[in-house]
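Worksheet for the structure shown next.
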Number of protein chains: 2
Amino acid sequence: MSDLLERLRSRGWRLTSQRRVVAEVLDGDHVHLTADEVHARAAERLPEISRATVYNTLGELVTLGEVLEVATDGRAKRYDPNAHQPHQHLVCSACGTIRDVRPTGDPLAALPAAERFGFDVATAEVTYRGLCPDCA
Amino acid sequence: MSDLLERLRSRGWRLTSQRRVVAEVLDGDHVHLTADEVHARAAERLPEISRATVYNTLGELVTLGEVLEVATDGRAKRYDPNAHQPHQHLVCSACGTIRDVRPTGDPLAALPAAERFGFDVATAEVTYRGLCPDCA
DNA sequence: TCCTAAGATAGACCCAGTCTAAGTCAAGAA
DNA sequence: TTCTTGACTTAGACTGGGTCTATCTTAGGA
Ligand SMILES: [Mn+2]
Ligand SMILES: [Mn+2]
Ligand SMILES: [Zn+2]
Ligand SMILES: [Zn+2]
């Protein structure tokens with residue numbers, strides 16, 4: 001994530017303490033935080049940071065392709081820093097934990113031309129659901 | 001959908017005009033309406049029907065397994081009467097149209113044990129995205 | 001050091017959805 | 001057929017997640 005700040009700088013971003021702390025909070029593997037969780041953790045280091053700034057920064061990171069939005073079933077969106085390695089998600093139906101997973105093969109291959117209705121299909125997003133070891 | 005009303009009656013449902021009209025609105029193929037769209041169409045036939053009743057009825061149909069909720073990327077949920085035939089969704093990235101599609105094979109098969117992290121994986125939900133013929 | 005446009009902030013606002021309290025009615029009992 | 005009652009419906013208040021706006025602050029170049 002340290003090179004993230006470099007990439008942002010080279011794209012003309014001003015490096016404010018708020019942006020730095022949001023980028024730091026998003027560092028790590030299997031990170032899928034809601035905007036409010038990001039705000040709470042950022043506020044531990046920078047108490048005055050506002051919700052609006054967290055939303056703005058997350059939105060900018062998404063636009064730049066540095067962070068992915070993960071839509072979750074009517075609840076708050078989650079933000080995923082693992083944007084450069086294509087992956088899918090495995091979600092616990094009980095506690096909601098999310099893990100990054102990499103299925104074999106191209107998921108697009110499973111959709112035959114006859115089932116494409118003339119669409120130009122570009123991506124496939126897969127959500128696997130089940131019980132995690134703790135909840136089973 | 002006419003047998004739906006029968007199934008509901010046999011489960012002890014009171015057959016009110018509101019429930020009947022919501023069931024009618026949900027009839028058809030590739031139907032994926034938001035709650036407000038269901039309400040608007042229901043209100044054409046039954047002008048006094050309330051938003052709360054539409055939400056209640058949709059929720060009950062989902063609980064009974066007669067209708068599926070389709071979560072869509074931060075926007076309003078969509079309600080899908082095609083609950084008895086397993087299928088996936090093909091979404092137009094431009095206009096949002098949703099089609100039901102049936103990929104070949106079991107999507108669960110693409111997730112090797114090593115990528116399951118000890119989860120007891122039960123289902124896989126796939127969203128294919130691309131441009132529909134009209135938008136291409 | 002100064003200047004200024006980019007960025008941060010508080011809080012109003014919006015939308016999808018839920019909840020509540022009061023009124024209505026489907027359908028079984030008599 | 002009428003009566004009764006709890007299941008159902010309703011308007012509108014309320015919530016959570018998110019966006020917008022007007023004002024203030026500041027990174028970073030001159
Ligand atoms: Mn992820
Ligand atoms: Mn469908
Ligand atoms: Zn779990
Ligand atoms: Zn389209």
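The basis for the numbers below is simple: all heavy atoms, side chains too, and nothing from hydrogens, waters or symmetry mates. A note on names: the letters A, B, ... follow the listed sequences, proteins ahead of strands, and every chain is numbered from 1.
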Could you give the [atom1]-to-[atom2] distance, from [X] to [N], as a whole number of Å?
{"X": "B/Leu61", "N": "D/dC8", "atom1": "CG", "atom2": "P", "answer": "12 Å"}
{"X": "A/Trp13", "N": "D/dG28", "atom1": "CH2", "atom2": "C1'", "answer": "17 Å"}
{"X": "A/Leu58", "N": "D/dG17", "atom1": "CG", "atom2": "C1'", "answer": "13 Å"}
{"X": "B/Asn56", "N": "C/dT24", "atom1": "CG", "atom2": "P", "answer": "18 Å"}
{"X": "A/His39", "N": "C/dA10", "atom1": "NE2", "atom2": "C1'", "answer": "11 Å"}
{"X": "A/Arg20", "N": "D/dT26", "atom1": "CZ", "atom2": "P", "answer": "14 Å"}
{"X": "A/Leu8", "N": "C/dA6", "atom1": "CG", "atom2": "P", "answer": "17 Å"}
{"X": "A/Leu5", "N": "D/dA27", "atom1": "CG", "atom2": "C1'", "answer": "15 Å"}

Closest nucleotide among [options] to the [X] side chain:
{"X": "A/Ile49", "options": "D/dG18, D/dT10, C/dT9", "value": "C/dT9"}
{"X": "A/Lys77", "options": "D/dC8, D/dT10, D/dG18", "value": "D/dG18"}
{"X": "A/Arg14", "options": "C/dA16, D/dA27, D/dT10", "value": "D/dA27"}
{"X": "A/Tyr55", "options": "C/dG7, D/dT19, D/dT10", "value": "D/dT19"}
{"X": "A/Ala76", "options": "C/dG17, D/dG18, D/dT10", "value": "D/dG18"}
{"X": "A/Asp36", "options": "D/dT10, D/dG17, D/dT9", "value": "D/dG17"}

Given DNA chain D, 5'-ward residue of the pair B/Arg19 and A/Ser17, judged by closest heavy atom: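 Of the two residues, B/Arg19 wins.
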
Using a cut-off of 4.0 Å on non-hydrogen atoms, how would the nucleic acid contact of B/Thr16 be classed: base, sugar-phosphate, or nothing?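 Touches sugar-phosphate only.
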
Hey, does A/Ala52 reach any base, or is it just sugar-phosphate, or nothing, if we go heavy atoms under 4.0 Å?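 Touches a base.
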
Distance check: side-chain N/O of A/Gln18 vs OP1/OP2 of D/dT25, anything under 4.0 Å?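 Indeed not, no polar side-chain atom of A/Gln18 lies that close.
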
Do the side-chain N or O atoms of A/Ser50 get closer than 4.0 angstrom to the phosphate oxygens (OP1, OP2) of C/dA8?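 So the side-chain polar atoms of A/Ser50 never come under 4.0 Å of the phosphate oxygens OP1 or OP2 of C/dA8.
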
Does B/Thr34 offer a backbone N or O that forms a donor-acceptor pair with the side chain of B/Glu37 under 3.5 Å?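 Indeed, once roles are kept as given, a pair shorter than 3.5 Å links the two residues.
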
Is it the case that over 12 heavy atoms from other parts of the model lie below 6.0 angstrom from the CZ atom of A/Arg129?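 More than 12 heavy atoms, drawn from other residues, nucleotides or ligands, come within 6.0 Å of this atom.
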
For A/Arg102, does the CZ atom sit with more than 12 other heavy atoms under 6.0 Å from it, leaving out its own atoms?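 Atom CZ in A/Arg102 is packed in, count exceeds 12.
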
How about A/Glu125 and A/His89: does a side-chain donor come under 3.5 Å of a side-chain acceptor?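 No donor-acceptor contact under 3.5 Å links the two side chains.
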
Flag for B/His30-B/Asn82: side-chain donor and acceptor within less than 3.5 Å: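 No donor-acceptor contact under 3.5 Å links the two side chains.
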
Establish whether the base of D/dG17 is bridged to the side chain of A/Arg75 by a donor-acceptor pair shorter than 3.5 Å.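 It does not, because no donor-acceptor pair links the side chain of A/Arg75 to the base of D/dG17 below 3.5 Å.
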
